[in-house]
Amino acid sequence: REEGLSFVPTNSPLARIVRKAVAKEREACAQVCDAERQDFGGVAAGPMTTDAGKRVHEAMAAGAATCAAAIRARGQKGAA
């Protein structure tokens with residue numbers, strides 16, 4: 001159950017509306033991380049990027065991808 005909905009019956013219209021809104025917000029947040037991953041990856045692939053800069057931006061892109069996956073995983077059954 002979503003935290004904060006413990007007083008609302010599981011299949012009530014209110015609970016369904018809240019769960020749908022939470023899922024939409026969660027996906028919107030994950031999409032922000034996806035966009036950051038693309039931005040960081042683009043900089044890493046750029047012709048003016050040093051080797052050190054490339055590694056830093058690749059690491060930031062990987063971190064953003066991990067963040068997006070973690071946000072999406074929160075919506076799965078059994079996830080925290």
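Quick note: residue numbers are just sequence positions, from 1.
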**Asked** Of the non-hydrogen atoms in Ala30 and Ala68, which two are nearest, and what is the gap between them?
**Response** O-CB, 3.6 Å
**Request:** Hey, could you give me each pair passing side-chain hydrogen bond (donor to acceptor under 3.5 Å, both in side chains) that has a residue in residues 61-72? Not counting sequence neighbours.
**Result:** Glu27-Arg72, Asp34-Arg72
For residues 35-57, which side-chain N or O atoms pair as donor and acceptor with protein atoms under 3.5 Å away, sequence neighbours left out?
residue	atom	partner	partner atom	Å
Thr49	OG1	Val43	O	2.6
Thr50	OG1	Gly53	N	3.0
His57	ND1	Gly53	O	2.9

